[in-house]
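All values below come from the heavy atoms of this structure, side chains included, with hydrogens, waters and symmetry mates left out. Below, chains carry the letters A, B, ... as their sequence lines are ordered, and counting in each starts from 1.
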There are 2 protein chains.
Amino acid sequence: MNTEEETSIIIERNRQELSRGVITLALLTILSAPHYGYSLQKELQNRSFEISQDTLYPLLRRLEKQNLLISEWVVEDPRPRKYYRVSVTGLEVCRKLREEWDTLHTAIGGLLHEYE
Amino acid sequence: MNTEEETSIIIERNRQELSRGVITLALLTILSAPHYGYSLQKELQNRSFEISQDTLYPLLRRLEKQNLLISEWVVEDPRPRKYYRVSVTGLEVCRKLREEWDTLHTAIGGLLHEYE
DNA sequence: TGACAATACTGTATGTAATACGGTATTGTG
DNA sequence: CACAATACCGTATTACATACAGTATTGTCA
């Protein structure tokens, strides 16, 4: 058996695992227009995607390293900000993820309905 | 820039990341009835959830370690098989994931529609 | 009956990535 | 002037998927 404490950590972890991939899709979609990290976090939160700085910034770095995002420092703003937007490759990935999403959506829909 | 090879690996990785969490939800749902690893894999595949042995078996081990699944060896079958089913905790996690799914589903639906 | 695909799992090494942690510094607000 | 909000970075730790190599049985069909 787990303690209640352990159980809630496990729930949280699995909940985050579920949202992780979806957030990546949301992020790539939103970044068709440029955003900087902090504004993107707020934007995601407004749309009910909870993501912490500890997760978001490393995610942005990773996606840039994979060449799905392009970044640019803008120093003209009230303070320096690093803007990200999708690359051509990123857009392609975004489209594929959307297809995958549709497949999953259909599949899980049927399943959940069936198992009520 | 990435080579085409690299790009397709990156696409594949992100595609799998998207499906990972969803597959966990599907798996917990299906395991309200007992299944053994191999039959579960086939069942998931029939429902368009692609998962390899290399991913499924370690996933089952992990979920059992987290006490979300209970396993039992059955030797009366044509050959020994290890059956898994959800525990009480697992069922609770499953319900939470379903709620999370609904939230994500709504959120991403609005987003994708908007950015169409 | 002999070969080969399908079934059904295990253990452990490796690699990827999230998350945690600690930090820095500026800007807005009461 | 204090303090919350903004806006980021680097690196250590931990979790986890995936890869790999293996073992062995059962069913099929020529």
Side-chain angles (χ1 to χ4, degrees), chain A residues 2 6 8-25 27 34-46 49-69 71-84 93, chain B residues 2 6 8-24 26-27 34-46 49-69 71-84 93:
Chain A
N2 292 326
E6 284 165 349
S8 74
I9 289 173
I10 288 168
I11 289 177
E12 190 48 28
R13 258 214 267 286
N14 284 283
R15 233 179 46 72
Q16 282 178 14
E17 170 164 324
L18 180 59
S19 60
R20 192 141 51 222
V22 184
I23 287 181
T24 304
L25 172 55
L27 184 151
H35 284 268
Y36 55 95
Y38 193 81
S39 72
L40 181 60
Q41 186 192 23
K42 295 302 163 196
E43 175 71 8
L44 286 167
Q45 279 169 356
N46 287 339
F49 298 106
E50 283 308 317
I51 186 164
S52 71
Q53 281 204 347
D54 280 348
T55 304
L56 180 60
Y57 284 111
L59 176 59
L60 288 169
R61 289 179 229 161
R62 186 200 104 198
L63 294 174
E64 186 179 19
K65 206 167 130 201
Q66 292 180 333
N67 296 310
L68 307 187
L69 297 181
S71 74
E72 191 186 353
W73 277 99
V74 173
V75 290
E76 290 81 17
D77 279 14
R79 96 178 61 177
R81 288 164 175 162
K82 195 174 182 180
Y83 280 81
Y84 290 89
V93 171
Chain B
N2 292 327
E6 284 164 349
S8 72
I9 290 173
I10 288 168
I11 289 176
E12 190 48 27
R13 259 214 266 285
N14 284 283
R15 231 178 46 74
Q16 281 177 15
E17 171 164 323
L18 180 58
S19 60
R20 194 143 47 223
V22 184
I23 287 180
T24 303
L27 182 152
H35 284 268
Y36 55 95
Y38 194 80
S39 73
L40 181 60
Q41 184 191 26
K42 295 303 161 193
E43 175 72 8
L44 286 166
Q45 278 169 356
N46 287 339
F49 299 107
E50 282 309 317
I51 186 165
S52 71
Q53 282 203 344
D54 281 348
T55 303
L56 180 60
Y57 284 111
L59 175 59
L60 289 170
R61 289 178 228 162
R62 185 199 105 200
L63 294 175
E64 187 179 18
K65 206 167 131 200
Q66 292 180 333
N67 295 312
L68 307 187
L69 297 182
S71 73
E72 191 187 352
W73 276 100
V74 174
V75 290
E76 291 81 17
D77 279 15
R79 98 178 59 181
R81 288 165 175 162
K82 195 174 183 179
Y83 281 80
Y84 290 90
V93 172

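Of the residues in residues 49-60 of chain A, those lying under 4.0 Å from DNA chain D by heavy-atom distance are A:Q53, A:Y57. Interface residues of residues 72-82 of chain A facing DNA chain D, ordered by number: A:W73, A:R79, A:R81, A:K82; criterion, heavy-atom separation under 4.0 Å.
For the atom pair NE2 of B:H35 and NZ of B:K42, the computed distance is 14.0 Å after rounding to the nearest 0.5 Å. How far OG1 of B:T24 is from CD1 of B:I51: 7.5 Å, rounded to the nearest 0.5 Å. Rounded to the nearest 0.5 Å, atoms CG (A:L25) and CD (B:E17) are 11.0 Å apart. Here the straight-line distance linking atom OG1 of A:T55 with atom CZ of A:R20 works out to 8.0 Å at 0.5 Å rounding.
Of all heavy-atom pairs between B:Y84 and B:E64, the closest is CE2-OE1, 3.9 Å. Closest non-hydrogen pair, A:P78 versus A:R81, comes out as CD-NH1, 4.0 Å.
Regarding contacts with the backbone of C:dT16, every side-chain N or O of B:Q16 stays at 4.0 angstrom or more from both OP1 and OP2. Here B:R13 does not reach the OP1 or OP2 of C:dG15: none of its side-chain N or O atoms lies under 4.0 Å away. Phosphate contact (OP1/OP2 of D:dC16, side-chain N/O of B:R20, threshold under 4.0 Å): absent. Within the 4.0 Å cut-off from OP1 or OP2 of C:dA18, not a single side-chain nitrogen or oxygen of A:R61 is found.
At whole-Å resolution of the value, CG in A:L27 and C1' in C:dA18 are 15 Å apart. Note: CD1 (B:I10) to C1' (C:dA17) measures 14 Å, nearest angstrom. Spacing between atom OH of B:Y36 and atom P of D:dT25 amounts to 17 Å, rounded to whole angstrom units. The nearest whole Å value for the distance from the CZ atom in B:R62 to the C1' atom in C:dA18 is 13 Å. Atom CD of B:Q66 and atom P of D:dA15 are 10 Å apart (whole Å). Here the C1' atom of nucleotide D:dA15 and the CG atom of B:L68 are 15 Å apart, to the nearest Å. Between the CG atom of A:L18 and the P atom of D:dA17 there is a distance of 14 Å, rounded to whole Å. Rounding to whole angstrom units, CD of residue B:E64 and C1' of C:dT10 are separated by 13 Å.
In summary, A:R15 and A:E12 engage in a salt bridge, as defined by a charged side-chain N under 4.0 Å from a carboxylate O.
No engagement by A:E12 is indicated, since no non-hydrogen atom pair under 4.0 Å with the nucleic acid exists. Using a 4.0 Å heavy-atom distance criterion, B:Q41 is classed as making no nucleic acid contact.
B:E50 CD: more than 12 foreign heavy atoms inside a 6.0 Å radius.
Annotation: side-chain hydrogen bond (donor to acceptor under 3.5 Å, both in side chains) contacts of A:Q41 (sequence neighbours excluded): none.
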